[in-house]
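Here's the structure we're looking at; comments come further down.
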Amino acid sequence: MDMEKIVSLCRRRGFLFQSSEIYGGLNGFWDYGPLGVELKRNVKEAWWRDMVTQHDDLDVLPGAPSTYEMCGLDCTIIMHPQVWKCSGHFDLFVDEMVDCRETKKRYRYDQVRGRWAEAKGQKLFVCTMAENEEEEIARRAQKFFKLRAKDADQIAWDGPITTLDKIGDTSQALGPDASEPGTLTEPRDFNLMFPTIIGALAGEEGRAFLRPETAQGIFVNFKNVLDSSRVRIPFGIAQVGKSFRNEITPRNFTFRSREFEQMEIEFFCHPKTSKEWYQFWRDRRFKWYIDHGLAEGRLQLRDHDPDELSHYSTGTADIEYAFPFLAEGEFGELEGIAHRGDFDLRSHMEGKLDPKSCPLEVELGEDGKPKYKGSGRDLTYRDDLTNERFTPHVIEPSAGADRATLAFICEAYTEDEAPDDKGKMQTRTVMKLHPRLAPLKAAVLPLVKKDGMPEVAKDLYRALKAKFPVFYDEKGAVGRRYRRQDEAGTPYCITIDGDTLSDKTVTLRDRDSLEQIRVKLDDVVEEIESRVG
RNA sequence: GCGGGUGUAGCUCAAUGGUAGAGCAAUAGCCUUCCAAGCUAAAGACGAGGGUUCGAUUCCCUUCACCCGCUCCA
């Protein structure tokens, strides 16, 4: 399917606009129009109802190890800066990068390693990114100085192998893939987190960040929820909200936006059962997308390879969708389900843990003290039946609301053939959205604007409108009105015709099959209600 | 961030160094009795900034956005 057509329809029908469009737009930011906002609200609402408000605390769900409880949370976008230091985002998101002018490659400034080498009257810092750095640096230096292997000892090495950021000058560096020195740019900050300032006076002490994920707000409120809500482990805390990431290359419509909305759950359980809960969430979340209309053939549940995983995690799986803007066989992430062990709660308790340590230990700074101090609060859990105290393990199903919405849009976009008024087949563009997600549930259309039809139609419109979003349209040919609703994804059209006035029935037209059935006027509300769930 | 391409009305396209034209859509009205193209009317655009010029949508520079490829993707 052609992505341009989908983008064009989104714009034309008011699903999605570029942010600040009249000023030329802003890269990586998108606005939802009148139809888009309803669609996205429905996506979030469906998620919230299915995961939180309609969750049955008393019943064991299929595949679940036991019953569990669910509750919600809505925390601030700006949090204490220490949150991001202990979560690891600060170190990971605030990087200095250097670009190579020659090869157009980009490197983390602190990850490029090299060593000073001097030969034939020239001195330079030979860099590499390779694992076997010592021989690679020697090989590259030898090649650069055009020395034979037997003359390799003409190279005078100065100092140990170190990282590029320690030498502070990129102009004498031979980039890891470059053929001559001086092609690396000066290091530049890549603030993947959006910095902001708290308070009217600018200064380092007021520096804060817009959250890059909603999850940390759940961890830092873990104890509050426990103390205020009588929930017992296992339980989950859900949150929907905006997050911000300064993506290097926003691309592919709303897929990689800098401001986006997440639907996240942190599910807290006993370490002994965490593996089973991980399986449960992974399968349940995959099914959710299928239940809402994504084709199984375009959806995949990809388990991360064991060597991709942190040692404290027993699994991470991505739910991925074959977006039309991706190459054949490629998938884009909709949701990640991660087994995070006790990493997050312990980091906020003890201080940022070193994810590479095993068993996990607090990461220390150069002074031997914790690099980032934790809150010092006790975030362990005491089971008051067994009296056991432990730090819960966490399963994190983290979904992108905008990505899910985009996937539903892409999946729904369909071109098929429908006859025009002369019986000739015409291309029809239709958004086959799941009725639960469709922005409008029905349209009420008087066949013609006379003979009392609009009056009957308006009464029906009002009766339906009390229950859900409905559109009334009496203008122009009815076929044209049908097609308009098809592009909006409205699953049902109800047409009031001459017969309605005598026998009190209307036609109910199905968006996807184009079938029409007669329904009693008095039954329409109930009929639509049952069909849209 | 790099390279290539694109930018005229809501959409598709046209013309021009001298006040930008059409089709479709949308709007108002008429006509219509179930799947977009019946009639009438009015409305609507040169992405932004700067330069050259008497005059720039057109030529030049810069910038912004989108598309493709690379890079990045915690």
Side-chain angles (χ1 to χ4, degrees), chain A residues 2-5 7-14 17-30 33 84 87-95 97-108 177 183 185 188 190-193 212-213 215 243 245-253 255-256 258 310 318 325 327 332-333 336 338 355 398 416-430 445-451 453 474-487 493-501 506-511 513-516 518:
Chain A
D2 191 347
M3 196 60 204
E4 261 179 56
K5 286 182 173 179
V7 174
S8 164
L9 179 135
C10 284
R11 198 190 133 52
R12 185 156 37 90
R13 290 299 181 199
F17 308 123
Q18 203 176 358
S19 168
S20 317
E21 196 188 79
I22 61 168
Y23 286 107
L26 195 58
N27 193 285
F29 296 89
W30 299 89
W84 307 112
S87 72
H89 289 85
F90 185 84
D91 284 349
L92 281 166
F93 275 42
V94 184
D95 291 331
M97 308 286 279
V98 291
D99 290 309
C100 178
R101 297 186 190 90
E102 180 187 329
T103 62
K104 310 299 182 201
K105 286 184 186 291
R106 168 171 296 158
Y107 313 95
R108 282 266 299 272
D177 300 281
T183 63
T185 61
R188 283 175 287 198
F190 271 70
N191 289 302
L192 265 45
M193 285 199 289
E213 63 171 40
S243 292
R245 294 179 192 182
N246 225 338
E247 298 288 354
I248 294 167
T249 313
R251 279 279 166 97
N252 294 329
F253 207 21
F255 184 78
R256 183 161 287 138
R258 288 175 163 149
S310 312
D318 286 344
F325 49 76
E333 183 183 343
S398 169
D416 64 10
E417 300 260 293
D420 64 14
D421 61 342
K422 296 175 186 67
K424 199 178 152 201
M425 295 309 274
Q426 301 287 347
T427 300
R428 178 180 77 128
T429 303
V430 50
L445 317 170
L447 190 57
V448 289
K449 199 168 54 174
K450 60 179 185 184
D451 299 338
M453 291 179 209
E474 59 178 24
K475 299 182 194 92
V478 73
R480 181 173 310 197
R481 285 179 268 159
Y482 284 146
R483 296 299 170 85
R484 266 202 290 262
Q485 293 305 317
D486 289 340
E487 286 202 343
C493 287
I494 300 144
T495 306
I496 283 74
D497 57 20
D499 293 344
T500 309
L501 306 170
V506 298
T507 50
L508 180 62
R509 173 210 187 244
D510 181 271
R511 176 196 66 199
S513 68
L514 299 178
E515 276 170 16
Q516 301 195 20
R518 298 246 15 134

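First the proteins, then the strands, lettered A, B, ... as listed; each starts at 1. Owing to the predicted nature of the structure, the values given are computational and were not obtained by experimental measurement.
For B:U32, the OP1/OP2 oxygens have a side-chain nitrogen or oxygen of A:Lys450 closer than 4.0 Å. Residue A:Arg12 places no side-chain N or O under 4.0 Å from the OP1 or OP2 atom of B:A25. Distances shorter than 4.0 Å separate some side-chain N or O of A:Arg480 from OP1 or OP2 on B:A25.
Note on A:Val478: only backbone sugar-phosphate atoms sit closer than 4.0 angstrom, heavy atoms only; bases stay farther off. When heavy atoms are screened at a 4.0 angstrom cut-off, A:Asn27 is found touching the sugar-phosphate backbone but no base atom.
Among the nucleotides B:U27, B:C34, B:C30, the one closest to any side-chain atom of A:Lys475 is B:U27.
Put simply, the residue from A:Ile496, A:Asp497, A:Asp499 that forms a side chain to side chain contact (heavy atoms under 4.5 Å, CB included) with A:Leu447 is A:Asp497. A side chain to side chain contact (heavy atoms under 4.5 Å, CB included) with A:Leu9 holds for exactly one of A:Lys5, A:Arg11, A:Arg12; it is A:Arg12.
No more than 12 heavy atoms of other residues, nucleotides or ligands shown are found within 6.0 angstrom of CD on A:Glu4. Remark: A:Glu515 CD is loosely packed, at most 12 non-hydrogen atoms of other residues, nucleotides or ligands lying under 6.0 Å away.
Proximity of the aromatic rings of A:Phe325 and A:Phe253 is defined here by a centroid distance below 6.0 angstrom, and this criterion is not met.
Residue A:Arg11 places no side-chain atom within donor-acceptor reach of the base of B:C11, judged by atom type and a 3.5 Å distance cut-off alone. Between the side chain of A:Gln516 and the base of B:C34, a donor-acceptor pair under 3.5 Å is found.
With pairs defined as Watson-Crick or G-U wobble and both atom distances under 3.5 Å, the stems of at least three pairs that touch RNA chain B come out as B:1-7 with B:64-70, B:10-13 with B:21-24, B:27-30 with B:38-41, B:47-51 with B:59-63.
Checking A:Thr495 against A:Arg484, the closest nucleotide of RNA chain B that is more toward the 5' end is the one next to A:Arg484. Nucleotides of RNA chain B nearest to A:Glu213 and A:Gly479 differ in position, and the one nearer the 5' end is that of A:Gly479.
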